[in-house]
Amino acid sequence: QVDLVESGGGSVQPGGSLRLSCATSKSTYDTGGCMAWFRQTPGKEREGVASIRIRDGTTEYSDSVKGRFRISRNNIQSAVYLQMNDLKPEDSALYYCAVGRSPWTCGISKEQVAYWGQGTQVTVSL
């Protein structure tokens with residue numbers, strides 16, 4: 001059993017900001033070597049948003065969020081964050097934290113995910 005504790009979702013107006021947090025155990029954090037955020041809306045495929053390789057901080061972003069979202073990590077707390085700025089209505093989704101299978105395959109592909117969190121809702125509307 002792997003626990004991924006997500007927080008920080010909510011409702012915000014277009015142009016606003018939110019910060020998502022995800023914490024897990026140190027063993028999961030260190031063994032996976034990769035943490036990522038995905039999102040999903042009803043009827044659509046789950047899509048990768050951002051990933052970060054734990055050992056060196058290498059990041060990857062989807063084109064739709066590049067320049068607006070920033071993923072970061074805290075190795076002491078075994079946590080990862082997603083700072084979301086200039087939010088748009090199309091960013092509304094259920095956001096999932098994920099642990100990767102290996103630092104060598106770290107990225108925003110669903111195939112590299114070993115564990116998923118429960119999801120936290122982000123709603124962007126007037």
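No experiment lies behind these values; they were computed from the predicted model shown.
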**Request:** For the pair D56 and R53, find out whether any cationic side-chain nitrogen is under 4.0 Å from an anionic carboxylate oxygen.
**Result:**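 R53 and D56: salt-bridged.
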**Prompt:** Does a salt bridge link E45 with K110, judged by any charged N lying under 4.0 Å from a carboxylate O?
**Reply:**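 Answer for the salt bridge query: yes.
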Tell me whether [X] shares a hydrophobic cluster with [Y], the cluster being built from Ile, Leu, Val, Met, Phe, Trp, Tyr side chains joined at under 4.5 Å.
X   : Y   : result
F38 : Y61 : no
V12 : L20 : yes
L94 : V49 : no

**Request:** Given side-chain contact (heavy atoms from CB on, under 4.5 Å), test R68 with D91 step by step and report yes or no.
**Result:** CA-CA 11 Å; R68 299 187 297 122; D91 294 317; 2.7 Å; yes
In Å and rounded to the nearest 0.5 Å, what is the [atom1] to [atom2] distance from [X] to [Y]?
X    : Y    : atom1 : atom2 : value
Y96  : Q118 : OH    : CD    : 8.5 Å
I71  : Q83  : CD1   : CD    : 12.0 Å
S92  : R39  : OG    : CZ    : 9.0 Å
C106 : E60  : SG    : CD    : 8.0 Å
I52  : C34  : CD1   : SG    : 9.0 Å
S125 : L87  : OG    : CG    : 11.0 Å

**Request:** Please step through side-chain contact (heavy atoms from CB on, under 4.5 Å) for the pair Y95 and M84, ending with a clear verdict.
**Result:** CA-CA 12 Å; Y95 281 71; M84 305 184 293; 3.9 Å; yes
**R19 NZ/CZ over Y81 ring centroid, <6.0 Å and within 45° of normal** =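 Yes, a cation-pi geometry.
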**Item:** Donor-acceptor contact present, side-chain R101 to main-chain V113, <3.5 Å
**Value:**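 Confirmed, R101 side chain pairs with V113 backbone.
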Does the side chain of [Y] come within less than 4.5 Å of [X]'s, by heavy atoms?
X    : Y   : result
W116 : R46 : yes
T24  : D3  : no
Y29  : N75 : yes
C97  : V80 : yes

Non-hydrogen atoms of [X] and [Y] that approach each other most closely:
X   : Y   : answer
N85 : S17 : OD1-OG, 2.9 Å
A93 : T41 : CB-CG2, 3.6 Å
L18 : G10 : CD1-O, 3.8 Å
M35 : V99 : SD-CG2, 3.7 Å
A98 : L4  : CA-CD1, 4.2 Å
I54 : R73 : O-NE, 2.8 Å

**Request:** Tell me yes or no: between the side chains of S27 and S25, is some donor less than 3.5 Å from an acceptor?
**Result:**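 There is such a pair between these side chains.
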**Message:** Is it the case that the ring center of W37 lies less than 6.0 angstrom away from the ring center of F69?
**Reply:**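 F69 vs W37: aromatic centres not under 6.0 Å.
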